[in-house]
Amino acid sequence: MVIGSFMPLRSVWDEKLEKLSRDFPEHRVLKGLAPDSPEIPSLDIMLTVNLPVEAFERAKALKAIFQPLTGINHLPLGLLADRGVHVFNNHANAFDVAERALALALAFYGRIVEYHNDLAACRWHGLWVKGGAEDRWESLYGKTCSILGTGAIGQALASLLKPFGGRILGWRRKTGLPVPMGFDAVLPSLDQALEEAEIVFVALPGTEETKGLLSRERLARMKGKLLVNVGRGSIVDEEGLYIALKEGILRGAAIDTWYQYPKEGKIGSPSRFPIHELPNVLLSPHVGGSTHQASSRSVDSTMEKLEDYLKTGSCAGEADLRAAY
């Protein structure tokens, strides 16, 4: 088989791919390919993060794609499904994304950013300046949490939340499955999960089925709740979120996944609405899984899957292209 890597040269991938070439000399490994490489039509396997649709259209011999990340909604799923291409994604960063979700909730209730910014400007809060109730922060202890999505991220998050002594509720689209470890219950109704929780964590994939799941109407009923989104921006209605935050319906939001990203450079608003200007929002630039540890695990896991595939013709962790996750 011809294996084409679109991962950067002079990176950790070089060593891994060189070892792959030594261990599987019967296969040809091409490194550092560009989206317009002339070799694309001959590739049986792609190792990639993101490519333009045209690259996949040209890959007529393609049998499998391996990627070191979880989400697959950036791929031309219909095209790949019609051609019978297998896609193997990676959940090695699940704990790190869950840790980010917990950190965002702790930072919001703990007023971490506010206190830091004020003290950096030499403004104090608390006992030492005779501050009253207005200067107190709030613990997560005893709070009921609903996690939308009980997959790898949701389960890791449930285990992290457990020591805080609150109820951990889950919601998922599939029914009839056992309650995963760490959850007190998986509720059959999304609206019930939203109603019973003080903190709602979104850990769902971005698919057509989850698009707009937290609609403007649902957000309008989430009075006094904190919404933490480490799933995808498309899951939460954009205008509805802005209105619910601006009007004080939601107590707040801590967001790591957004509605728009800079097309070039590093400057750009994360939404069509000025969500980032509101005082009850904690902002994070979609870096939930971007830790050194997660990157290392993702590389190792991806290469292990690729090796298994070359040995047996299959491996664990195949994504469902029709379900888009």
Side-chain angles (χ1 to χ4, degrees), residues 67 69-73 75 77 80-81 86-102 105 143-215 218 221-222 225-236 256-257 288-289 294 297-298 301-302 304-305 308 314-325:
Q67 63 172 36
L69 45 81
T70 304
I72 63 170
N73 55 317
L75 296 172
L77 300 179
L80 298 175
H86 302 280
V87 175
F88 299 94
N89 58 348
N90 203 291
H91 299 274
N93 65 1
F95 182 89
D96 307 75
V97 177
E99 181 180 340
R100 189 73 173 183
L102 175 60
K143 293 188 183 299
T144 298
C145 302
S146 280
I147 303 173
L148 311 185
T150 62
I153 294 171
Q155 291 177 41
L157 180 55
S159 69
L160 290 174
L161 289 167
K162 204 63 180 174
F164 290 90
R167 293 178 68 215
I168 311 299
L169 307 175
W171 178 83
R172 60 192 170 203
R173 287 166 295 160
K174 293 181 179 178
T175 59
L177 300 175
V179 176
M181 187 175 298
F183 288 87
D184 294 300
V186 174
L187 301 179
S189 163
L190 172 59
D191 291 319
Q192 184 182 358
L194 298 178
E195 180 181 352
E196 293 196 19
E198 187 170 345
I199 309 173
V200 175
F201 292 93
V202 179
L204 290 162
T207 70
E208 284 301 313
E209 290 185 350
T210 63
K211 186 176 181 180
L213 193 67
L214 292 190
S215 63
R218 282 191 166 118
R221 297 196 295 269
M222 293 175 63
K225 303 179 188 298
L226 172 66
L227 176 66
V228 181
N229 190 1
V230 293
R232 285 292 184 269
S234 61
I235 298 166
V236 183
D256 185 53
T257 53
R297 290 195 304 271
S298 295
S301 176
T302 301
E304 288 171 6
K305 290 181 179 183
D308 286 345
S314 65
C315 67
E318 182 172 358
D320 184 338
L321 301 188
R322 297 301 184 188
Y325 68 92

I'd like to know whether Leu204 forms a side-chain contact (heavy atoms from CB on, under 4.5 Å) with Leu213, so could you lay out the CA-CA distance, the side-chain angles of the two residues, the decisive distance to 0.1 Å, and finally the verdict.
CA-CA 10 Å; Leu204 290 162; Leu213 193 67; 3.7 Å; yes
Between Asn93 and Ser298, a side-chain donor and acceptor under 3.5 Å
no
Specify the closest pair of heavy atoms between Phe201 and Ile199, including all atoms of both residues, with the distance to one decimal.
CE1-CG2, 3.5 Å
Return the set of residues passing side-chain contact (heavy atoms from CB on, under 4.5 Å) with Thr175 (not counting sequence neighbours), or none when no residue passes.
none
Test of understanding: with salt bridge (charged side-chain N to carboxylate O under 4.0 Å, His left out), list the residues that count as partners of Arg172, not counting sequence neighbours.
none
Is the shortest heavy-atom distance from the side chain of Leu69 to the side chain of Asn90 under 4.5 Å?
no
Evaluate the side-chain proximity of Arg232 to Asn73: yes if any heavy-atom separation is below 4.5 Å, no if none is.
yes
Show the nearest heavy-atom pair for residues Tyr325 and Lys174, with the distance to one decimal.
OH-CE, 3.5 Å
Please identify each residue that fulfils salt bridge (charged side-chain N to carboxylate O under 4.0 Å, His left out) with Asp184, with sequence neighbours left out.
Lys162
Just jot down the side-chain contact (heavy atoms from CB on, under 4.5 Å) partners of Glu209, sequence neighbours excluded, or say none.
Arg173, Thr207
Tell me the closest heavy-atom pair linking Trp171 and Pro188, and the distance in Å.
NE1-O, 3.8 Å
Does the side chain of Arg218 reach to within under 4.5 Å of the side chain of Asp191, using non-hydrogen atoms?
yes
So does Ala197 get a backbone contact from the side chain of Thr144, meaning a donor-acceptor N/O pair under 3.5 Å?
no
Given the options Leu169, Val200, Leu227, Leu148 meets side-chain contact (heavy atoms from CB on, under 4.5 Å) only with Val200
Determine the minimum heavy-atom distance between Asp256 and Gly288, stating which atoms define it.
OD2-N, 2.9 Å
Filter on side chain to side chain donor-acceptor pair (under 3.5 Å), then keep only pairs touching residues 194-206, sequence neighbours left out; what's left?
Lys143-Glu198, Arg167-Glu196, Gln192-Glu196
CG of Leu226 to SG of Cys145, rounded to nearest 0.5 Å, is 9.0 Å
Determine the minimum heavy-atom distance between Leu321 and Ala81, stating which atoms define it.
CD1-N, 3.6 Å
Glu318 meets the side-chain contact (heavy atoms from CB on, under 4.5 Å) criterion, sequence neighbours left out, with His86, Phe88
Here the gap from Ser146 atom OG to Leu187 atom CG, rounded to the nearest 0.5 Å, amounts to 6.0 Å
Determine the minimum heavy-atom distance between Pro180 and Thr150, stating which atoms define it.
CG-CB, 4.1 Å
Could you check whether any side-chain heavy atom of Leu161 comes within less than 4.5 Å of a side-chain heavy atom of Ile147, counting everything from C-beta outward?
yes
Main-chain N/O of Pro205 paired to Thr210 side chain as donor or acceptor, under 3.5 Å:
yes
Taking side chain as C-beta onward, heavy atoms only, is Gln67 less than 4.5 Å from Leu75?
yes
Kindly determine whether Leu214 and Leu194 satisfy side-chain contact (heavy atoms from CB on, under 4.5 Å), including the steps that lead there.
CA-CA 10 Å; Leu214 292 190; Leu194 298 178; 3.8 Å; yes
Identified side-chain contact (heavy atoms from CB on, under 4.5 Å) counterpart of Val97 within the set Ile153, Leu102, Thr257, Thr70:
Ile153
